[in-house]
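What follows is a short report on a single structure.
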Amino acid sequence: MGARGSHAAVIPDVDSIRRETGFSQASLLRLYHRFRALDRNKKGYLSRMDLQQIGALAVNPLGDRIIDSFFPDGSQRLDFAGFVRILAHFRPVDEEDPGMRDPKQPEPLNSRMNKLRFAFQLYDLDRDGKISKHEMLQVLRLMVGVQVTEEQLESIAERTVQEADEDGDGAVSFLEFAKSLEKMNIEQKMSIRVLK
């Protein structure tokens with residue numbers, strides 16, 4: 001394997017992480033170097049403040065929500081394995097025939113459904129399994145800022161929830177969310193280069 005392969009040995013539990021996330025050994029090594037660069041105080045983990053150093057997140061209107069997704073259980077520390085698990089959602093979907101996948105294995109983190117679950121949780125601010133009109137409005141405010149009037153935002157939020165809400169409960173469930181996004185190519189939009 002040469003010098004590059006020997007460097008992968010410094011990554012804790014690299015083989016398990018590679019199998020779980022689908023990243024190549026070379027990609028994991030690049031991500032490990034990025035993780036260590038973000039960990040400026042050499043603590044061995046990342047905090048929310050460390051992630052706020054990432055320029056693309058600092059200027060992204062949903063940056064705080066994305067950072068929150070790295071800490072799903074409310075912890076304040078993010079180890080390398082947790083870091084790459086979240087980033088794996090942004091890997092392009094493998095074009096492998098779904099019938100070829102071992103049904104006993106967990107669904108890949110970058111599967112269409114896992115990408116949708118990740119996107120859904122960015123909108124489901126109170127984590128109750130539904131996106132209310134109020135939550136939609138909050139996300140829209142973050143995304144468009146002052147470019148649209150409050151009345152227009154409320155109208156967009158109400159119409160968006162109404163169109164997706166099939167069961168008439170005034171909110172959008174995950175299944176309703178997934179159905180409404182079926183028309184879009186969510187995989188392509190969520191497949192960004194995470195190694196920059």
Side-chain angles (χ1 to χ4, degrees), residues 1-98 100-102 104-124 139 142-143 178 181 184-196:
M1 269 195 198
R4 176 158 273 201
S6 65
H7 290 294
V10 301
I11 302 173
D13 208 16
V14 68
D15 290 330
S16 173
I17 294 170
R18 188 176 44 76
R19 281 190 304 275
E20 182 182 2
T21 64
F23 283 117
S24 69
Q25 196 160 327
S27 293
L28 283 174
L29 192 56
R30 283 191 295 274
L31 288 171
Y32 188 68
H33 289 303
R34 180 68 171 136
F35 178 86
R36 293 194 54 195
L38 288 169
D39 178 17
R40 291 187 179 161
N41 295 328
K42 308 301 178 221
K43 307 174 296 292
Y45 63 88
L46 300 178
S47 67
R48 286 178 183 345
M49 285 180 46
D50 294 323
L51 293 178
Q52 290 168 341
Q53 297 174 54
I54 300 171
L57 288 177
V59 298
N60 186 320
L62 293 177
D64 286 337
R65 296 292 306 145
I66 294 169
I67 290 171
D68 287 346
S69 72
F70 282 90
F71 302 91
D73 59 359
S75 77
Q76 300 301 310
R77 296 179 176 198
L78 176 67
D79 64 8
F80 178 69
F83 179 69
V84 293
R85 272 186 206 105
I86 296 300
L87 294 178
H89 288 92
F90 297 96
R91 280 186 50 247
V93 174
D94 296 327
E95 295 300 323
E96 181 180 303
D97 179 8
M100 300 289 287
R101 191 173 68 79
D102 183 352
K104 295 176 186 163
Q105 294 296 317
E107 188 174 353
L109 293 172
N110 69 324
S111 72
R112 181 180 194 291
M113 279 311 222
N114 278 330
K115 286 178 186 290
L116 288 172
R117 283 184 193 97
F118 184 85
F120 181 82
Q121 59 99 25
L122 293 177
Y123 288 85
D124 183 14
V139 172
L142 290 172
M143 293 172 69
L181 291 179
M184 295 181 201
N185 189 354
I186 190 72
E187 295 92 357
Q188 187 175 26
K189 290 181 171 118
M190 286 190 67
S191 298
I192 60 172
R193 284 196 67 203
V194 295
L195 303 179
K196 287 184 179 181

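- Between the OG atom in S16 and the CD1 atom in I11 there is a gap of 12.5 Å [rounded to 0.5 Å].
- Separating the CD atom in E20 from the CG atom in D15 is a distance of 13.0 Å, to the nearest 0.5 Å.
- Shortest non-hydrogen contact noted between R36 and K42 is O-NZ, 3.4 Å.
- Note that CG of L31 and CG of L87 are 6.0 Å apart. Values are rounded to the nearest 0.5 Å.
- Panel note: side chain R91, backbone S111; no donor-acceptor pair is recorded below 3.5 Å.
- Between the side chains of R40 and Q53, at least one donor N or O lies within less than 3.5 Å of an accepting N or O.
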* Asked: Would L116 and R112 count as a side-chain contact (heavy atoms from CB on, under 4.5 Å) if you check the C-alpha gap in whole Å, the side-chain angles of each, and the deciding distance to 0.1 Å?
  -> CA-CA 6 Å; L116 288 172; R112 181 180 194 291; 2.8 Å; yes
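- A 4.5 Å side-chain heavy-atom check between I86 and F118 finds at least one atom pair inside the cut-off.
- Atom CG of N114 and atom CD of E107 lie 4.5 Å apart (nearest 0.5 Å).
- The closest donor-acceptor contact from the side chain of R18 to the backbone of F23 lies at 3.5 Å or more, if one exists at all.
- Remark: K43 pairs with D39, D50 by the salt bridge (charged side-chain N to carboxylate O under 4.0 Å, His left out) rule, at least two apart or across chains.
- For R48, the side chain to side chain contact (heavy atoms under 4.5 Å, CB included) partners at least two apart in sequence or on another chain are I67, D68, F71, Q76.
- Going from atom NE2 of H89 over to atom CD of Q121 covers 8.0 Å, rounded to the nearest 0.5 Å.
- Looking only at distances, a side-chain donor or acceptor of N110 sits under 3.5 Å from a matching main-chain atom of P92.
- Two residues are said to be in side-chain contact when any heavy atoms from C-beta on lie closer than 4.5 Å; L122 and V139 fail this criterion.
- Legend: residues meeting side chain to side chain contact (heavy atoms under 4.5 Å, CB included) with A58, ordered by chain and number and at least two apart, are absent.
- For the atom pair CZ (R65) and CG (D124), the distance works out to 8.0 Å, reported to the nearest 0.5 Å.
- Considering every non-hydrogen atom in both I17 and P12, the closest pair reads CD1-O, 3.3 Å.
- Residues R77 and L46 are not in side-chain contact: their nearest non-hydrogen atoms beyond the backbone lie 4.5 Å or more apart.
- Counting only residues at least two apart or in different chains, ring pair (Phe, Tyr, Trp, His ring centres under 6.0 Å) contacts with residues 34-58 comprise F35-F80, F35-F83.
- When the side chain to side chain contact (heavy atoms under 4.5 Å, CB included) test is applied to D64, the partners found at least two apart in sequence or on another chain are Q52.
- Contacts of D13 classified as salt bridge (charged side-chain N to carboxylate O under 4.0 Å, His left out), with partners at least two apart in sequence or in another chain: none.
- In this structure, the side chains of F70 and L51 come closer than 4.5 Å at one or more pairs of heavy atoms.
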